[in-house]
Amino acid sequence: MVTRTRQVGLLIFALLGLGASATSTWVHYHLVASPETATSFCDVNANVSCTQAYLSPYGSFLGVPVALAGLLFFALVAVLLAAARSASSVRENAVAYVFALSIPAAAFAAYLAWASYAVLGTFCILCGLTYVAVLGLLLVSATSLPFPVTHLPDRARHDARALVTSPAAVGIGMLFVAAAVAAIAAFPHEVVRAEAADAEEQPSSPPLSDADRARIEEWWNMQPVVDVPIPAAGAKVLIVKFNDYQCPACERTHRLYKPVIAKYTSSGAGDVRYVLKHFPLEGECNPPMARMNHFGSCEAAAGVIMARANGTAQKLEDWIFANIGPPALTSVQMREAARDIGGVKDFDAQYSRVLEEVRADAALGASLKVTGTPTFFINGRRLPLEGGIPQASVFDAIIQFELKRPR
């Protein structure tokens, strides 16, 4: 028989894992469902971050969030421990089943720990608690086996035959499976969300009618003008974008507006000047955004600045936005992209100096009351994005209005 002390130990580790994995699932859900506003309470910095772990390629396995899989595992362990205290035929074998389940769980936890610390370079507090819980269950159950483990297959077959003849056991099993399937189906999936966002963008925007253009011009003229202290360098139209490289809306505006901006800036006439300013939603280079979770944004902005010297800034920017996720690119991946795509061979040597330029951009944005990205100023007028990203044809029309505006 399992001693009372070991029963209590198994229960403590099961409850620890259940609580940590339930909290992890809740955090991961909100990070995926509300990527622009959600934050994680266990994000301390780029090296201690649950967000980096959850939104990385290691945050899901075969399409199932790892946090949710952990929750289901610990829930099953709790059911088995409850059976160990019941009068059912499973009672004698329940701890052995916990041991058998804990072996692959511990192996998977070791793999995730390696990925977090060695690959992502971050520590996830909630993940670490689940690793401790799994290891604890494995060790306590291993020292509590009431019979040789080689007897388990025969005992499992006997229990299976007994359980399928029990309506209550069948009902509990079906309920558990149904709950697991429902939870997996209800969890927001990044791919679906990304496809929905793309569908909302309407990239092939229809041409504007004269009435449309008149309404847009009237609306645009109502926008207040602020002093943006960036020289126009002789251009009639100055477009300033405050950008974050882990911001999905920044990626969409990059893709939608890039052809429009190129149409005016590549002509050589000099009538339109486009200036990109960095406003990473990360505290390392933008202190007011310390509670945001775009870890890697500072490295991305610095990498693009460094790549200018090689003439590869545009190539690097395009690559970053093409690979923005989900899952989000990590700070390590941003550094690797700067090296491999941007040709930056001395990233670490330049980083401190270049980060000052990023901080200066962010401070300028703060002085202009920029609180999110993307934020566009066109000749001092802020482009409203609260109602959604304007179509490319609307953006084009605004530039034309400004080109014709009397000076």
Side-chain angles (χ1 to χ4, degrees), residues 1-29 60-109 112 126-127 129-149 151-187:
M1 296 295 292
V2 181
T3 65
R4 181 173 179 79
T5 300
R6 288 174 178 170
Q7 286 179 341
V8 172
L10 288 172
L11 181 61
I12 289 174
F13 284 121
L15 292 177
L16 172 64
L18 196 62
S21 58
T23 306
S24 296
T25 301
W26 180 83
V27 171
H28 192 170
Y29 179 94
S60 298
F61 181 73
L62 299 178
V64 179
V66 170
L68 180 56
L71 177 60
L72 296 175
F73 165 77
F74 287 109
L76 179 57
V77 168
V79 171
L80 289 172
L81 292 179
R85 299 179 63 84
S86 70
S88 71
S89 62
V90 181
R91 176 179 182 177
E92 186 179 354
N93 306 324
V95 172
Y97 294 145
V98 171
F99 172 71
L101 289 172
S102 297
I103 294 174
F108 190 56
L112 292 176
L126 292 173
C127 306
L129 290 175
T130 61
Y131 304 157
V132 170
V134 170
L135 183 60
L137 287 173
L138 177 63
L139 294 177
V140 176
S141 62
T143 58
S144 305
L145 292 175
F147 51 80
V149 72
H151 295 180
L152 185 58
D154 289 337
R155 288 173 174 262
R157 282 192 291 270
H158 178 270
D159 285 340
R161 286 194 294 268
L163 290 175
V164 296
T165 61
S166 168
V170 171
I172 292 174
M174 292 179 63
L175 183 62
F176 185 88
V177 172
V181 171
I184 294 171
F187 205 93

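Remember, predicted model here, so these are calculated numbers, not experimental data. Position 1 is the first residue of the sequence, and the numbers go up from there.
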### Query
Distance from Thr23 atom OG1 to Leu129 atom CG, nearest 0.5 Å?
9.0 Å
### Message
Working note: Phe108 + Val134, criterion side chain to side chain contact (heavy atoms under 4.5 Å, CB included); need CA distance, chi angles, decisive distance, verdict.
### Response
CA-CA 10 Å; Phe108 190 56; Val134 170; over 6 Å; no
### Message
With heavy-atom distances below 4.5 Å as the criterion, would you say the side chains of Cys127 and Leu112 are in contact?
### Response
no
### Task
Please check if the side chain of Arg6 supplies one atom and the backbone of Val140 the other of a donor-acceptor pair under 3.5 Å.
no
### Message
Can you tell me which residue among Leu76, Leu138, Leu81 is in a side-chain contact (heavy atoms from CB on, under 4.5 Å) with Val98?
### Response
Leu81
### Message
What's the separation between atom CG in Leu11 and atom CG in Leu18, rounded to the nearest 0.5 Å?
### Response
10.5 Å
#### Entry: Verdict with reasoning, Ser102 to Phe73, per side chain to side chain contact (heavy atoms under 4.5 Å, CB included)
CA-CA 9 Å; Ser102 297; Phe73 165 77; 4.2 Å; yes
### Message
Could you walk me through whether Ser144 and Gln7 satisfy the side chain to side chain contact (heavy atoms under 4.5 Å, CB included) test, starting with their C-alpha distance in whole Å, then the side-chain angles of each, then the deciding distance to 0.1 Å, before giving a yes or no?
### Response
CA-CA 9 Å; Ser144 305; Gln7 286 179 341; over 6 Å; no
### Message
I want to check something: taking the side chain as every heavy atom from C-beta on, are Leu139 and Thr143 in contact at a cut-off of under 4.5 Å?
### Response
no
### Distance-minimising heavy-atom pair for Phe147 and Arg155
CZ-CD, 3.3 Å
### Task
Working to the nearest 0.5 Å, report the span between CG of Leu16 and CG of Leu137.
9.0 Å
### Message
Quick check on Tyr29: does its OH atom have over 12 non-hydrogen neighbours (other residues, nucleotides or ligands) under 6.0 Å away?
### Response
no
#### Entry: From CA spacing to verdict: side chain to side chain contact (heavy atoms under 4.5 Å, CB included), Val77, Phe13
CA-CA 10 Å; Val77 168; Phe13 284 121; over 6 Å; no
### Query
For Ala67, does its backbone N or O pair with a side-chain atom of Thr25 as donor and acceptor, under 3.5 Å?
yes
### Task
Check Leu152 against Ala100 and note the closest heavy-atom contact, atom names and distance.
CD2-CB, 3.9 Å
### Student check: side-chain heavy atoms of Phe74 and Thr130 closer than 4.5 Å
yes
### Query
Taking Leu80 as the fixed residue, which of Leu101, Asn93, Val95 is the one that meets the side-chain contact (heavy atoms from CB on, under 4.5 Å) rule?
Leu101
